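Shown next, in structure tokens, is the structure this report addresses.
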Amino acid sequence: MAYILQILIIIIGIIYGYMKPGKEDRSALLKRGVVIGIILGAIMVGLGLLWGGAILLLGSLAGVYLFIEVIILAVLFIIGTYIGDMLERR
């Protein structure tokens, strides 16, 4: 299931890179991905704090996992934009 999402993110990145004229600001894309990852991770940790105890550990682990997953998806999207820009130049 996760591989399907990753392939879909690359395809969306290719379409984004191909449809948007010119080069993309990839550092801004990565920064947005990091910000989204931090926000989602903080929400999960906050929910863990809200319910307390054992849920805190689960919320913290889910928050760290979400942060890492969003970063990976942002990098895959950026790879897709590279491919889209190459296709656009041809």
Side-chain angles (χ1 to χ4, degrees):
M1 177 71 179
Y3 296 118
I4 295 172
L5 178 64
Q6 293 169 352
I7 291 170
L8 182 64
I9 292 294
I10 291 174
I11 291 171
I12 291 171
I14 291 171
I15 293 170
Y16 180 81
Y18 184 75
M19 298 297 282
K20 191 171 180 187
K23 286 191 159 198
E24 277 56 78
D25 185 9
R26 291 178 180 86
S27 64
L29 291 173
L30 185 59
K31 287 177 187 175
R32 279 190 225 138
V34 169
V35 168
I36 291 170
I38 289 171
I39 291 170
L40 289 176
I43 288 172
M44 293 304 293
V45 171
L47 290 175
L49 284 172
L50 190 65
W51 283 302
I55 300 295
L56 175 62
L57 177 64
L58 181 62
S60 298
L61 291 175
V64 170
Y65 172 76
L66 275 174
F67 175 73
I68 293 170
E69 186 64 29
V70 168
I71 299 301
I72 290 170
L73 293 177
V75 169
L76 289 174
F77 183 79
I78 291 169
I79 291 169
T81 62
Y82 273 116
I83 296 169
D85 280 343
M86 287 187 332
L87 291 174
E88 179 186 358
R89 278 184 265 157
R90 290 183 180 194

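From a predicted model like this one, the values you see are computed outputs, not experimental measurements.
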Side chain to side chain contact (heavy atoms under 4.5 Å, CB included) with Ile68: of Val70, Ile71, Val64, only one passes, and it is Val64
*asked:* Would a single hydrophobic cluster contain both Phe77 and Met86, if residues Ile, Leu, Val, Met, Phe, Trp and Tyr are joined by side-chain heavy-atom contacts under 4.5 Å?
replied: no
What one should report as the nearest heavy-atom pair of Gly33 and Ala74 is CA-CB, 4.0 Å
When rounded to the nearest 0.5 Å, the distance separating NZ of Lys31 from CD1 of Ile36 is 14.5 Å
Rounding to 0.5 Å, atoms CG (Leu87) and CE (Met19) come to a distance of 12.5 Å
Shortest non-hydrogen pair, Leu73 vs Ile9, comes out as O-CG2, 3.4 Å
On a heavy-atom basis, the closest approach of Tyr16 and Thr81 is CD2-CG2, 3.7 Å
d(Ile83 CD1, Ile10 CD1) to nearest 0.5 Å is 6.5 Å
